[in-house]
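Reading through the structure tokens given below for one structure.
Atoms considered below: every heavy atom in the structure, side chains included; atoms not considered: hydrogens, waters and symmetry mates. Sequence lines set the chain letters: A, B, ... in the order given, protein chains first and strands last, and positions in each chain run from 1.
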Amino acid sequence: MLPKKYRLTKENDFKIIVKQGKSFFIKELGIKYFKNNLDYSRFGFIVSTKIDKRATVRNKIKRRLREIVYQNLSKIKPGFDILILTKPEIKNLDFLQLKEKLEKIFKKIGFL
RNA sequence: UAGGUAGAUCAGAUGGUCGCUCCGAAAUUUAAUCGGAGAGGAAAGUCCGAACACCCACCAACCUAAAAGGUUGGUUAAAAAGGUAACGGCUAACAGCCGUCGUCCGCAAGGAUAGGGGUGCGAACAGAGACGGGUUUGUUCGUAAGAACAGACCUACCCUUUCAAAAGGGUAAGCUUGGCAGUAAUGCCAAGGUGAAACGGCUAAAUCCCUACCGGGUGAAAGGGAGAAAAUCCCGUUCGAGUUCGAGAGUAAUCUCGAACCUAGAUUAAUGACCAUCAACUGGCAUUUUCUAAUGCCAGUACAGAAUUCGGCUUAUGAUCUACCUAGCUU
RNA sequence: GGGCGAGUGGCGGAACGGUAGACGCACUAGCUUCAGGAGCUAGGGGGAGAAAUCCCGUAGAGGUUCAAAUCCUCUCUCGCCCA
């Protein structure tokens, strides 16, 4: 699980990333990132009701994503606010598949 | 054995690796360390009801020379507006719950039901409701009498009689009065002699009204504080109509008394991620077997996530247990 | 977290509780034209049937009613508002 220090909390932070960040997408999920002025990176996760109406399902996806980020935290390049976005197809992935896909994205944009 | 009815309970367990939030300790700039706690029966839908806060209305007392205004307390009374409704009870309150009555459904166990009066409706059902009779309007035909067609209105409890649905007589339900049972709704019984289109049918889901009862509205984004202000933070916000156990009252809902306990407080939103073993159930395959079934292997594990807090209702949903009813078979 | 509204032919959208689909766009057929467009005329929810006609149809499921797109309850989907 991810300590609070590494999470994005403010409405404003989200708005800046959405507006000004760079992005990269694959079929099941995507990423947006923007430079911050800290010596560590922070992460936010968006799983909307369009992906699933049930809160339990959405929470589980978020928890899994956070776990994957936590496991890779020491390796990920510091100094960025990173937003992870999701699409409905993400429901069909199990933990290992999800991990593989997310790590692939991080490698693609050179953060890992 | 099959089918059904009602109710109750649980919401997999143990271990391993790595974590999150809050509280406490020491420490105090953080970080790190140790200890403790950490989702539901529906947390859901937001369909009702309350607590709580503010606003409105009204009442009382006080301040004020008076008015205006203000302060405090309250919702007893009145008004407005809105609502509630078989009867009796429970509750903080409710459209909830318990018990009872009526009506309807079911062979039964049982289930359903917001159940006062009028207006309005009948194109459906019931009714012999057709045909006929009477009155009347229009059109056509006809010299006229009248006929045909179409429409409107009136006309049916039973018996006697009659052309008649004219007259006479009688009666079910209802109505009035009385008795018994019941707190009551209501039920049973008796008497009276009013009673003809006395039919159908309706309510949360057309509309109006009587009577009785209830002050109304807005929702925690209420509302209050820190801050010059904004940003932001804090309070509200986690001890409560609280939980467990025992005793008593009551048919029950529920209430009273006693003891013990503290039991989530997040805010891009914690309460987890992954793995192993075992248990239960379901499905598939294989083997044995007349079948039931047994064994092995593989796969799967219901609905679903607190957000100010409670009480209900509704909807979603896996499994187990208990009691009862109906039918069949055996003894 | 709280509140409000909508769902009807292919599309947009009407319809006091009383014959469902007015009206517009698009579509099909015919007329017109050398041809196309425009214009004019006609047509159409689905199923059964030779036809007359019957049955099913207003997001879905129940209910009230003699009768429901309309009224009530639940569910689903979509949209909007409060910051």
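Side-chain N/O atoms of R66(A) include none lying less than 4.0 angstrom from OP1 or OP2 on rU21(B). Within the 4.0 Å cut-off from OP1 or OP2 of rU268(B), not a single side-chain nitrogen or oxygen of R7(A) is found. OP1 or OP2 of rG305(B) lies within a sub-4.0 Å distance of a side-chain N or O belonging to T56(A).
Side chain of T86(A) to backbone of G30(A): no donor-acceptor contact under 3.5 angstrom is found.
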R66(A)/R63(A) under side chain to side chain contact (heavy atoms under 4.5 Å, CB included): CA gap, chis, key distance, verdict:
CA-CA 5 Å; R66(A) 280 198 219 100; R63(A) 286 196 300 258; 4.1 Å; yes
Quick one: do F43(A) and I76(A) satisfy side chain to side chain contact (heavy atoms under 4.5 Å, CB included)? Show the steps, please.
CA-CA 11 Å; F43(A) 300 85; I76(A) 293 173; 4.0 Å; yes
Trace of the side chain to side chain contact (heavy atoms under 4.5 Å, CB included) decision for V69(A) with I84(A)
CA-CA 10 Å; V69(A) 168; I84(A) 290 163; 4.1 Å; yes
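Within 4.0 Å (heavy atoms only), K53(A) reaches sugar-phosphate atoms of the nucleic acid but no base atom.
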Reading RNA chain C 5' to 3', what string of ( ), [ ], | and . shows its pairs, if Watson-Crick and G-U wobble pairs count only when both distances fall under 3.5 Å?
(((((((..(((.....[....))).(((((.......))))).((((....))))..(((((..]....)))))))))))).
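Atom CG of N59(A) and atom P of rA270(B) are 6 Å apart (whole Å). Here the P atom of nucleotide rA273(B) and the CG atom of N72(A) are 18 Å apart, to the nearest Å. The separation between D52(A) atom CG and rA44(B) atom P is 17 Å, rounded to whole Å. Between E67(A) atom CD and rU271(B) atom P the separation is 10 Å, expressed in whole Å.
Between F111(A) and F80(A), the gap from one ring centroid to the other is short of 6.0 Å. Aromatic pair Y33(A)/F24(A): ring centres not closer than 6.0 Å.
Anti is the conformation of rA108(B), whose glycosidic angle sits further than 90° from 0. Syn is the glycosidic conformation of rG41(B), whose angle stays within 90° of 0.
Under the stacking definition used here (centres under 5.5 Å, planes under 30°), the residue F14(A) qualifies as stacked on the base of rU268(B).
Using P as the reference atom, rA184(B) and rC87(B) are 14 Å apart when rounded to the nearest Å. Atom name P, nucleotides rC40(C) and rA52(C): the rounded distance is 31 Å, in whole Å. A gap of 41 Å separates the C1' atoms of rU244(B) and rG83(B), to the nearest Å. Taking atom P in both rG21(C) and rG3(C), one finds a spacing of 40 Å when rounded to whole Å. Across rC180(B) and rG111(B), the matching C1' atoms stand 33 Å from one another, rounded to whole Å. Across rA228(B) and rU268(B), the matching P atoms stand 27 Å from one another, rounded to whole Å. Atom name P, nucleotides rU263(B) and rG36(B): the rounded distance is 13 Å, in whole Å. Spacing of P atoms, rA266(B) relative to rG236(B), comes out at 12 Å, to the nearest Å.
Partner L102(A) forms a side chain to side chain contact (heavy atoms under 4.5 Å, CB included) with one of L65(A), N72(A), I31(A) and no other, that one being L65(A).
The salt bridge (charged side-chain N to carboxylate O under 4.0 Å, His left out) pairs that include a residue from residues 79-101 of chain A are E28(A)-K101(A), R42(A)-D81(A), D52(A)-K91(A), where partners are two or more places apart or lie in different chains.
Listed here is the closest heavy atom pair of R58(A) and S48(A): CD-O, 3.3 Å.
A distance of 6.0 Å separates CD1 of I61(A) from CD1 of I51(A), quoted to the nearest 0.5 Å. Between the CD1 atom of I68(A) and the CG atom of L73(A) there is a distance of 13.5 Å, given to the nearest 0.5 Å.
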Using a cut-off of under 3.5 Å, enumerate the N/O to N/O pairs linking the protein to nucleotides 274-277 of chain B.
residue	atom	partner	partner atom	Å
rC274(B)	OP1	R64(A)	NE	3.1
rC274(B)	OP1	R64(A)	NH2	2.7

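If you check rC274(B) for Watson-Crick or wobble pairing at under 3.5 angstrom, you find it paired to rG16(B). For rG7(B), the paired base is rC321(B) (Watson-Crick or G-U wobble, both distances below 3.5 Å). In a base pair of the Watson-Crick type (N1 to N3 plus N6-O4 or O6-N4) or a G-U wobble (N1-O2 and O6-N3), with each distance short of 3.5 Å, rG296(B) is matched with rC285(B). With both pairing distances under 3.5 Å, rU211(B) is matched to rA85(B) as a Watson-Crick or G-U wobble pair. Both distances falling under 3.5 Å, in either a Watson-Crick or a G-U wobble arrangement, place rG122(B) opposite rC199(B). Look at rG24(B): its Watson-Crick or wobble partner, with both distances under 3.5 angstrom, is rC34(B).
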